[in-house]
Protein chains: 2
Amino acid sequence: MATIYQVSELAGVSLATVSRVMNNNARVSENTRNKVLAAMEQLGYRPNSIAQSLASNRSNSVGILVSELHGPFYGEMLSGIENECRAAGKHVIIAAGHSEEASEKDGIEFLISRSCDALILHVEAVSDEYLIKLANGNMPIVLINRFIPQLADNCISLDNELGGYLATKQLLQQGHTQLAYMAGPMWKSDAKDRYHGHLRAMAEHGLSFNPALLAEGDFQDSSGSACMQQLLAKGLPFSALVCANDEMAAGAMEVARAHGLNVPQDLSIVGFDNLILARYIYPKLTTIDYPIGEMGRMAARWVLKNIYQQQALQLKNIFQPVLVCRDSASAIAAG
Amino acid sequence: MATIYQVSELAGVSLATVSRVMNNNARVSENTRNKVLAAMEQLGYRPNSIAQSLASNRSNSVGILVSELHGPFYGEMLSGIENECRAAGKHVIIAAGHSEEASEKDGIEFLISRSCDALILHVEAVSDEYLIKLANGNMPIVLINRFIPQLADNCISLDNELGGYLATKQLLQQGHTQLAYMAGPMWKSDAKDRYHGHLRAMAEHGLSFNPALLAEGDFQDSSGSACMQQLLAKGLPFSALVCANDEMAAGAMEVARAHGLNVPQDLSIVGFDNLILARYIYPKLTTIDYPIGEMGRMAARWVLKNIYQQQALQLKNIFQPVLVCRDSASAIAAG
DNA sequence: TAGTATGATGTAAGCGCTTTCATTTATAGC
DNA sequence: GCTATAAATGAAAGCGCTTACATCATACTA
């Protein structure tokens, strides 16, 4: 691989000049610039990004921590981030945190040791305090799907409360009055917020929430099935079910079907996230759209603007979810 | 951030010694080692990986090119790779190729300029010649889901032909004799191989393949729907359908249902890939398992063994697909 | 015409490590 | 106690860049 040395020699200029035309950050005469460009071309020169990083103290890489690399959710997010970063010539280094505190911290340490210029984090297990401390260090971070008041500017989040509200509201407007709620793990803020949204909608319609119709799962489809079993076992009537995410909704739907319940005739179900699978399950799932790809993109823009000085970019911190109507929820039967 | 210099000063030894204990690659006395370790601890020292890379000419990073970051398939693969690499202290740099030649080449260039120690590629549009040339340069590459005879050692692939064979065989054993085939884009080698497997199974059962019952899609679910429309429009009878992937199978199933066909009573369907969605669609899809996560893991091991000298690892180049029986295919009705 | 900006280019000092080679210190053999 | 040998450590030269700072033309100004 050719080095800057050979380029400078071939072009008959100094190292510094070659560096200048590469970064075009200082005035170089048209003539010289062309000589250098020609030499680069001729040698097939590619700057060594490692050396650039060491010398400039910027690695041009952004670290990303997601809970999992597989699964329907994070792919969209990564895709959004990568697209935006790549277009700006930055690259992404990825680690998985597996929703466990130790693993998340470990991943963050790993990314830091890799000299990332900034971190985009989707973390769940780590505490607010830890993140605040991290943000006060000299590693810039942006948080996806998490809102911490002290770090408001660094958070790209969804109004989960509104989502829970909208999901519930839809069913209420369709005439349902007996609703069950299948929550995510309540230690996760998104699960909690969605639940609160549900409660608000219920209250708004003058309905009191029956705690017996609440089940708490872990966002996996298997727990959706398990929770549905529990709910049915109680023998309490309900004509609609709000699930805190699509996967649990899918699990619940399966159990409902096994119990001879038709969806949506006997039971309306609404999910949350609008994963790909929402379009594949039968009947197609009515759900709340989570624009995670767009949010990833926005997190990348945050970094481009705040770290790489692309001032022109517009930022947006809080996203509003919208309802996506499909086939799994319908008006309550007239009789 | 503390540097190696400060550590050496605090420990009262030279730079070189500190470097030695970090890499523990040369004999350092127990005593000295402890002093150095203590100094590191005290300073919270973390080696600067950029500087390490520049000095050692190894970046400890492996570049990965996938077609897309989102979608159900690549996530599994990335997850497998990341897991394996991370455990070995290597990191992954990811780029997307979007199944287009220019974009794939661009991504490869990008990864090379990032000084990766090796590349793991899932490329579709780029030619064999290009890859052979690339492999003959000094960037080690490993190919996933692609077999090129001259690069056999660098290929981690699935026996797609066998998969196509198994899918078809299952239906034949269930008594079906009139089978339709929905292929992927024939310029992709996996699509072609699966199709060949289908033909082999048919021939083995003494059945001739009716070209009118072949439709070529593009691996997307929308094209699965479109192809199904075409097939049904011909008015030719068939009791079973082999789809070259799960997404097309899902699209086809939907159209079948819209036409009043019950799956599997009226029409048996088998897919290929065993994506997550195969478990979610209704009825659950009988399909061929594509162990893409495992293959990603293997590609990572290839790199660890060949590039990072972890000699102990066992490698495997060709994976055998297996049939996963679910509910979408059943024995042909007795009548 | 000397004096002074101003733009273009060169010089050289790092960035924080690894690694070769030289040097010092310990161990053993006699 | 003295040499031969091995083990531990240090000195210093890079790795390929960036970036003050210095230098040198050139073009204006008065």
Side-chain angles (χ1 to χ4, degrees), chain A residues 1-40 43-61 89 91 112-117 138 308-309, chain B residues 1-40 43-61 89 91 112-117 138 308-309:
Chain A
M1 212 50 172
T3 72
I4 195 175
Y5 251 102
Q6 306 171 34
V7 174
S8 80
E9 196 165 330
L10 181 58
V13 299
S14 72
L15 283 198
T17 301
V18 176
S19 176
R20 285 186 188 107
V21 351
M22 277 200 289
N23 301 292
N24 65 153
N25 55 3
R27 290 146 306 203
V28 176
S29 74
E30 196 53 28
N31 191 11
T32 310
R33 152 167 282 112
N34 288 144
K35 276 192 305 189
V36 172
L37 257 18
M40 286 179 169
L43 292 170
Y45 172 75
R46 304 187 123 292
N48 177 321
S49 65
I50 301 276
Q52 285 181 313
S53 299
L54 184 60
S56 66
N57 202 29
R58 284 218 282 63
S59 67
N60 283 315
S61 66
H91 73 275
I112 291 177
S113 81
R114 244 54 229 207
S115 311
C116 295
D117 295 330
N138 37 25
Y308 298 120
Q309 328 302 347
Chain B
M1 212 50 172
T3 72
I4 196 177
Y5 202 79
Q6 304 170 37
V7 174
S8 79
E9 196 164 332
L10 181 59
V13 300
S14 72
L15 284 198
T17 302
V18 177
S19 175
R20 287 189 186 103
V21 352
M22 276 201 289
N23 302 292
N24 63 153
N25 54 3
R27 289 148 308 203
V28 175
S29 74
E30 197 54 27
N31 190 12
T32 310
R33 153 167 281 112
N34 288 144
K35 276 193 304 190
V36 171
L37 258 18
M40 285 180 171
L43 292 170
Y45 172 75
R46 303 187 125 291
N48 177 322
S49 65
I50 300 275
Q52 285 181 313
S53 299
L54 183 60
S56 66
N57 201 28
R58 285 218 284 61
S59 68
N60 283 314
S61 65
H91 73 276
I112 292 177
S113 81
R114 246 52 228 209
S115 310
C116 296
D117 295 330
N138 38 25
Y308 299 119
Q309 328 300 347

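Chain naming here is simple, since letters A, B, ... match the order of the sequence lines and numbering starts at 1 in each.
In terms of the side chain to side chain contact (heavy atoms under 4.5 Å, CB included) criterion, residue partners of A:Ile4 (sequence neighbours excluded) are, by chain and number, A:Leu15, A:Val18, A:Ser19, A:Met22, A:Tyr45. Applying the side chain to side chain donor-acceptor pair (under 3.5 Å) test to A:Ser56 and every residue at least two apart in sequence or in another chain returns nothing. Take A:Glu9 and apply the side chain to side chain contact (heavy atoms under 4.5 Å, CB included) test, not counting sequence neighbours, and it matches no residue. Every residue two or more places apart in sequence or in another chain was checked for a side chain to side chain donor-acceptor pair (under 3.5 Å) with A:Ser115, and none qualifies. Scanning for salt bridge (charged side-chain N to carboxylate O under 4.0 Å, His left out) contacts around A:Arg58 gives an empty result, with sequence neighbours left out. Taking the side chain to side chain donor-acceptor pair (under 3.5 Å) definition, one finds that B:Ser53 meets it with nothing, sequence neighbours left out. Qualifying side chain to side chain donor-acceptor pair (under 3.5 Å) partners for A:Asp117, counting only residues two or more places apart in sequence or in other chains: A:Ser59, A:Tyr308.
The SG atom of A:Cys116 sits 11.0 Å away from atom CG of A:Asn60, with the distance rounded to the nearest 0.5 Å.
The C1' atoms of five pairs define one axis at each end of the helix from C:dT1-D:dA30 to C:dC30-D:dG1, and these two axes lie 50° apart (to 10°).
The salt bridge (charged side-chain N to carboxylate O under 4.0 Å, His left out) pairs that include a residue from residues 43-55 of chain B are A:Glu109-B:Arg46, where partners are two or more places apart or lie in different chains.
The CE atom of B:Met40 sits 9 Å away from the P atom of C:dC17 (whole-angstrom rounding). Here the C1' atom of nucleotide D:dA8 and the CG atom of B:Asn34 are 15 Å apart, to the nearest Å. Atom P of nucleotide D:dA8 and atom CG of B:Asn24 are separated by 14 Å, given to the nearest angstrom.
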Write out a two-atom table: protein N or O, nucleotide N or O from nucleotides 5-7 of chain C, distance below 3.5 Å.
from: C:dG7; atom 1: OP2; to: A:Arg27; atom 2: NH1; distance (Å): 3.4

Let me have the donor-acceptor pairs involving side chains of residues 26-37 of chain A, under 3.5 Å, with sequence neighbours excluded, atom names and distances please.
from: A:Ser29; atom 1: OG; to: A:Thr32; atom 2: N; distance (Å): 3.2
from: A:Ser29; atom 1: OG; to: A:Thr32; atom 2: OG1; distance (Å): 2.7

Letter per nucleotide, 5' to 3', of nucleotides 15-22 of chain D [B base touched, S only sugar-phosphate touched, - untouched; heavy atoms, 4.0 Å]: BBBBBBB-
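Using a 4.0 Å heavy-atom criterion, one finds that A:Thr32 contacts the sugar-phosphate atoms exclusively.
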